[in-house]
There are 2 protein chains.
Amino acid sequence: MSESTRRRGAAPTIREVAAAARVSRATVSRAFGRPELLRPATVAHVRAVAAELGYLPNAVARGLSTGRYATIALVVPDIANPFFPPLVRGAQQAADLAGYGVFLGDSDEDPAREDALLARFTGQVEGVVLVSSRLRAARVREHAERRPVVLVNRDLAGLPRVLVDPTRGMTEAVDHLAALGHRRIAYVNGPRTSWAHQQRRRTLRRATDARGLELVTVDARRPTYDAGIACVPDLLAGGATAAVAFDDVLAQGILAGLAEAGVDVPGDLSVVGCDDVVAATTAPPLTTVSAPAGQAGRAAVDLLLGLLGNDDLRDARYVVDTRLVVRSSTGPAGAG
Amino acid sequence: MSESTRRRGAAPTIREVAAAARVSRATVSRAFGRPELLRPATVAHVRAVAAELGYLPNAVARGLSTGRYATIALVVPDIANPFFPPLVRGAQQAADLAGYGVFLGDSDEDPAREDALLARFTGQVEGVVLVSSRLRAARVREHAERRPVVLVNRDLAGLPRVLVDPTRGMTEAVDHLAALGHRRIAYVNGPRTSWAHQQRRRTLRRATDARGLELVTVDARRPTYDAGIACVPDLLAGGATAAVAFDDVLAQGILAGLAEAGVDVPGDLSVVGCDDVVAATTAPPLTTVSAPAGQAGRAAVDLLLGLLGNDDLRDARYVVDTRLVVRSSTGPAGAG
DNA sequence: TTGTATGCGTTATCAC
DNA sequence: GTGATAACGCATACAA
């Protein structure tokens, strides 16, 4: 390779490979992108030279030229919330398998930051997976107009979406509690703008109504461990014998708060979580509604990639099911 | 705006804005990138037109032209391991603050996948934060030669790195256990190729030696909850009265395995974790060595961005300290 | 089968 | 201050 075409420090470009291999730049390009158009010997030669130079096609330049960036964005409200890492992992695996890179955005549960992240990613990614969006519907639709968007745990007609359906798991939970003799059940709220929260509450309402059980509501300010501890006085004041929490983290906080208050679980009060992300590790092990987050992440990316491949999936609705996992935080009513 | 220059469906380009605002492309570019070179009235005019058209500068084209992509890569072994989400969150925040986008890579603890991810990101990002790399040193250096790399929890001379130093926390743990009368302590291994593991074991060795305590080692195949449960028989066979686990997840599994085996904690055996990521939520609450993962993530990104800004930080070594958090999984030796 | 020329959307250089 | 124009690295019609 001649020093005239080889700049040191920088990564080699297609031009330098072309010079070294004594072919045109187009041939080098084809050797990587469309080898079937070239004579096998040419492909081999070019690739050998490229390898020796340490050449790798520049994804940015390729994207600019083709319009295919081979990247997607994944925006979540809070990566530190244990529901999301498995989902992110699933999404990342699916994207990786298809040769796509993943931009990660953490909105910190803040709609304005979510909006800003989405704007930043525009024009830099082929599409976005928007998880548990806190944006209002109209704004989500505006973003979806600019490029393909797949929603997770947000149900907007006309937009492809992956939904974790709490119906089965929640209904099983109510049956389980009813069978244990509970007549008055408390639901501890999640974020008001969360689709998951709304679904869970609604499902719970239906199931309790259908069985003639009472349902009371307790507020938690955020779905955090500390908020779970903090809501325990309200919970106890409600007079319920069983509590269903918006998610496992909240439930875990509730368990801690109850232990501190000297309330026995499940003797005095039964507790049910949701998501099954930490459930096996609590004390007592938490009865919870299990949700396959990894599967949801993979499904969302597959849906998005299908969308990019021109499949008509505009109104696709991929539903993943839930079920109750009974552990030791639930027991007979009034056993304490 | 004339329909001739306005293509529907696609995002507007600088060319269309220029036409609509009756200025040159260069002027539009300056209105966004270097407004101080323009008359304020021009800036305002161009920006108004751009806003009306919904124009946003294309980050990819800009990157190609300037060589500054405004993106970094963040590669972790397993996003589902609770040590990493806070780190990722911190890194993401710091990057976001500087206007950088973050590519996330999950290597699934597999060196080959880590290598492939790194290769993919090359030429697409300005630099990479490589967390708990499982790659051999030479390979890491090769990657670092191609573009700036900041290591987290890997100590390679000549490369900028952020290290969570277990010395203080681990030493405090040994002091704590010694004060409780423990003479024989078990360490439950982490991944052999993990720098964190090596450091923790070494520190533990030094501290126990210095105090004339015995140290035995127990193998766990992976730092997982299940592996923690599985290693309990070995742990019990070792005859130690206290166990220090590589990390909290492992410790949590050990707690579960011990409970199942009818071993009282801390009555029969004391358990210490590491990282303090789930520690407050275990039963009993886990005594652990706390590590500020979020701070490490932020520091790594700041270091990387400094590197890109030409600061001479090639051999920087940013150390974050640990300390022991005493909860309820440790108690007097032989109290059971 | 391979080479030539052009464009992707932007910024930078150099005029004016 | 602002405009024309050449890169940036690659892919792809079109030619040969």
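Treat the numbers as computed from the prediction; the structure is a model and nothing was measured. Here is the naming used below: chain letters follow the sequence lines, and residue numbers restart at 1 for every chain.
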| task | Check whether the ring centres of A/Tyr55 and A/Phe32 lie less than 6.0 Å apart, and answer yes or no. | result | yes
| task | Report yes if some heavy atom in the side chain of B/Val46 is under 4.5 Å from a heavy atom in the side chain of B/Val49; otherwise report no. | result | no
| query | Rounded to whole angstrom units, what separation is found between the CG atom of A/Leu56 and the C1' atom of D/dC10? | reply | 14 Å
| task | Answer yes or no: does a side-chain N or O of B/Tyr69 lie under 4.0 Å from OP1 or OP2 of C/dT10? | result | no
| query | Which whole-number value in Å describes the distance from B/Arg15 CZ to D/dA4 P? | reply | 12 Å
| Whole-Å distance separating the CD atom of A/Glu16 from the P atom of D/dC8 | 10 Å
| field | Side chains of A/Arg161 and A/Leu303 in contact at under 4.5 Å (non-hydrogen atoms) | value | no
| task | Let me know the distance between CD1 of A/Ile14 and C1' of D/dA7, rounded to the nearest Å. | result | 16 Å
| Positions of residues 35-44 of chain A (non-hydrogen atom under 4.0 Å from DNA chain C), listed by number | A/Leu37, A/Leu38, A/Arg39, A/Thr42
| request: Check for a donor-acceptor pair, side chain of B/Asp110 on one end and backbone N or O of B/Ala112 on the other, with a separation under 3.5 Å. | output: yes
| field | Atom pair NE2 (A/His143) and CG (A/Leu135), whose distance is rounded to the nearest 0.5 Å | value | 5.5 Å
| remark: Closest non-hydrogen atoms of A/Gly54 and B/Arg146, given as atom of the first, atom of the second and distance, are O-NH2, 2.6 Å
| request: Taking only heavy atoms on the protein side, list every residue of residues 58-65 of chain B lying under 4.0 Å from any atom of DNA chain D, sorted numerically. | output: B/Leu64, B/Ser65
| message | Would you say that more than 12 heavy atoms from the other residues, nucleotides or ligands in this model lie under 6.0 Å from the CZ of B/Arg34, or not? | response | no
| said: Is any side-chain heavy atom of A/Val128 closer than 4.5 Å to one of A/Arg147? | reply: yes
| Heavy-atom distance under 4.5 Å between the side chains of B/Arg141 and B/Leu159, does that happen here? | yes
| message | Less than 4.5 Å apart, side chain to side chain, heavy atoms only: is that true for B/Pro77 and B/Phe84? | response | yes
Protein-nucleic acid N or O pairs under 3.5 Å, nucleotides 13-16 of chain D:
residue: D/dA13; atom: N6; partner: A/Arg30; partner atom: NH2; Å: 2.9

| said: Taking any heavy-atom pair under 4.0 Å as a contact, classify B/Val23: base, sugar-phosphate, or nothing. | reply: sugar-phosphate
| Are the side chain of A/Arg154 and the backbone of A/Ser133 linked by a donor-acceptor contact shorter than 3.5 Å? | yes
| Should B/Ser24 be listed as having a side-chain N or O under 4.0 Å from OP1 or OP2 of D/dA4? | no
| message | Given 3.5 Å as the limit, does a donor-acceptor pair link the side chain of A/Arg47 with the main chain of A/Ala31, or not? | response | yes
| message | Nearest whole Å is fine: how far is C/dT6 P from A/Arg25 CZ? | response | 12 Å
| said: Please list, in numerical order, the residues of residues 118-128 of chain B that have a heavy atom closer than 4.0 Å to any atom of DNA chain D. | reply: none
| request: Five pairs at each end of the helix from C/dT1-D/dA16 to C/dC16-D/dG1: take the axis at both ends and give me the angle between them to 10°. | output: 40°
| field | All pairs passing salt bridge (charged side-chain N to carboxylate O under 4.0 Å, His left out) where residues 112-122 of chain B contributes a residue, at least two apart | value | A/Asp96-B/Arg113, A/Asp96-B/Arg120, B/Asp115-B/Arg139
| request: Report yes if the side chains of A/Leu118 and A/Leu130 come closer than 4.5 Å at any heavy-atom pair, otherwise no. | output: yes
| request: Side-chain contact test, heavy atoms from C-beta onward, threshold under 4.5 Å: evaluate it for A/Val28 versus A/Val23 and give yes or no. | output: yes
| said: I'd like to check A/Thr71 versus A/Gln124 (side-chain heavy atoms, cut-off strictly below 4.5 Å). Are they in contact? | reply: no
